[in-house]
Amino acid sequence: MKKKIILSIFLLILILTGLGVYCINGDKISKNVYVQNINIGDLTKDEAKDKLSSEYKMQSFKFNYKEKLGI
């Protein structure tokens with residue numbers, strides 16, 4: 001009985017940890033992120049790039065956050 005409880009708790013912690021890592025490293029930009037007055041929050045990097053490209057005439061640009069680069 002104790003082994004089942006310990007195993008259940010371990011699996012629950014493992015699942016919650018995996019979910020947390022997915023949420024932190026997900027494909028979407030965090031909510032309420034603005035460039036000038038354009039809200040790019042909750043968009044993927046490609047969607048944000050398209051939205052910014054339609055507003056500004058740019059050749060290319062990079063997203064940079066805590067030493068992680070994205071295009």
Side-chain angles (χ1 to χ4, degrees):
M1 183 70 174
K2 285 185 179 182
K3 288 182 180 181
K4 286 184 180 181
I5 293 173
I6 291 172
L7 182 61
S8 297
I9 291 172
F10 176 74
L11 288 175
L12 180 63
I13 290 171
L14 186 64
I15 290 169
L16 291 175
T17 302
L19 183 60
V21 169
Y22 175 75
C23 289
I24 290 171
N25 295 326
D27 290 339
K28 293 202 174 196
I29 298 171
S30 298
K31 292 181 180 181
N32 296 322
V33 175
Y34 288 83
V35 174
Q36 294 293 336
N37 291 328
I38 301 171
N39 184 3
I40 60 168
D42 209 29
L43 298 175
T44 64
K45 291 176 185 177
D46 290 332
E47 291 171 338
K49 183 179 176 182
D50 292 341
K51 190 170 186 177
L52 291 172
S53 294
S54 69
E55 295 290 326
Y56 299 106
K57 297 194 185 249
M58 294 188 235
Q59 295 286 327
S60 65
F61 56 89
K62 294 182 181 180
F63 292 101
N64 185 4
Y65 177 72
K66 290 187 179 181
E67 301 177 17
K68 294 181 181 180
L69 291 176
I71 296 175

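- Scanning all heavy atoms of the two residues, the minimum distance from I38 to Y56 falls at CD1-CE1, 3.6 Å.
- Under the side chain to side chain contact (heavy atoms under 4.5 Å, CB included) criterion, E47 pairs with L43, T44, sequence neighbours left out.
- Applying the side chain to side chain contact (heavy atoms under 4.5 Å, CB included) test to N39 and every residue at least two apart in sequence or in another chain returns Y34.
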Side chains of residues 7-19: which donor-acceptor pairs under 3.5 Å do they make with residues two or more places apart or in other chains?
| residue | atom | partner | partner atom | Å |
| --- | --- | --- | --- | --- |
| S8 | OG | K4 | O | 2.8 |
| T17 | OG1 | I13 | O | 2.8 |

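- In this structure, NZ on K31 lies 5.5 Å from CG on D42, to the nearest 0.5 angstrom.
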